[in-house]
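This one's a predicted model, so the numbers in the text were calculated from it and none came from an experiment.
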Amino acid sequence: QLQLVESGGGLVQPGGSLRLSCAASGHYAIGWFRQAPGKEREEVSCISSSDDSTYYLDSMKGRFTISRDNAKNTVYLQMNSLKPEDTAVYYCAVPRAYHYCSGSLYEYDYWGQGTQVTVSS
């Protein structure tokens with residue numbers, strides 16, 4: 001059974017950094033999503049498992065970095081220069097295609113439980 005476990009969320013001051021982890025039960029493409037209160041869930045970044053190609057939401061480029069450790073089946077989201085508007089629950093997910101990223105959250109069938117990120121002074 002495909003399982004995902006996120007960790008690494010917490011409270012950080014503006015300008016600070018956090019690294020989120022997503023431990024998977026196998027080798028898959030992993031998308032990171034976030035959902036703020038009253039807002040739709042949006043895809044932040046994704047890394048494929050076919051060639052490790054990456055995708056970032058434009059507003060994240062230069063601040064967030066996605067990477068993977070294949071030996072641990074773990075994908076990381078390094079978040080730097082955090083802003084209060086980055087506050088959200090962050091989820092990792094595996095797409096229906098398993099190894100290829102998708103631009104639609106509706107094509108992700110497997111989700112982790114989420115981890116809260118709060119950026120506040």
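With S81 contributing its side chain and R63 its backbone, the two residues share no donor-acceptor pair below 3.5 Å. The backbone N or O of F64 sits nowhere less than 3.5 Å from a side-chain atom of Q78 that would complete a donor-acceptor pair. The backbone N or O of Y55 sits less than 3.5 Å from a side-chain atom of S45, completing a donor-acceptor pair. For Q113 (side chain) and E6 (main-chain N/O), a donor-acceptor pair under 3.5 Å exists by modelled atom type. T87 places a side-chain N or O within donor-acceptor distance of the main-chain N or O of V119, the cut-off being under 3.5 Å.
Taking both residues in full, the closest heavy atoms of S121 and P14 are given as N-CD, 3.7 Å, listed atom of the first, atom of the second, then distance.
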| What do the steps show when you test W32 against L20 for side chain to side chain contact (heavy atoms under 4.5 Å, CB included), and what is the final call? | CA-CA 10 Å; W32 280 101; L20 305 183; 3.6 Å; yes
| request: Decide side chain to side chain contact (heavy atoms under 4.5 Å, CB included) for L2 and V94; before the verdict, give the C-alpha distance in whole Å, the side-chain angles of both, and the deciding distance to 0.1 Å. | output: CA-CA 9 Å; L2 198 156; V94 172; 3.9 Å; yes
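Within the model, atoms SG of C46 and CG of L77 stand 11.0 Å from one another, a figure rounded to the nearest 0.5 Å. With values rounded to the nearest 0.5 angstrom, C92 atom SG is found 13.0 Å from I47 atom CD1. Here E107 contributes atom CD and L105 contributes atom CG; the two are 9.5 Å apart, rounded to the nearest 0.5 Å. Expressed to the nearest 0.5 Å, how far CZ of R41 lies from OH of Y90 amounts to 13.0 Å.
The same ILVMFWY cluster, assembled from side-chain heavy atoms under 4.5 Å apart, contains both M60 and L18. Following chains of ILVMFWY side-chain contacts shorter than 4.5 Å, one cannot reach Y28 starting from F33, and the two form parts of different hydrophobic clusters. The hydrophobic clustering, which links ILVMFWY residues whose side-chain heavy atoms are closer than 4.5 Å, places L57 and I30 together.
Side-chain polar atoms of T74 and D69 form no donor-acceptor pair below 3.5 angstrom.
Salt bridge present: K61 and D58 bring a charged side-chain N and a carboxylate O closer than 4.0 Å.
Between Y108 and Y91, the ring centre distance reaches or exceeds 6.0 Å.
With R34 as reference, E42 is the one residue of E40, E42, E43 to meet the salt bridge (Lys or Arg N to Asp or Glu O under 4.0 Å) rule.
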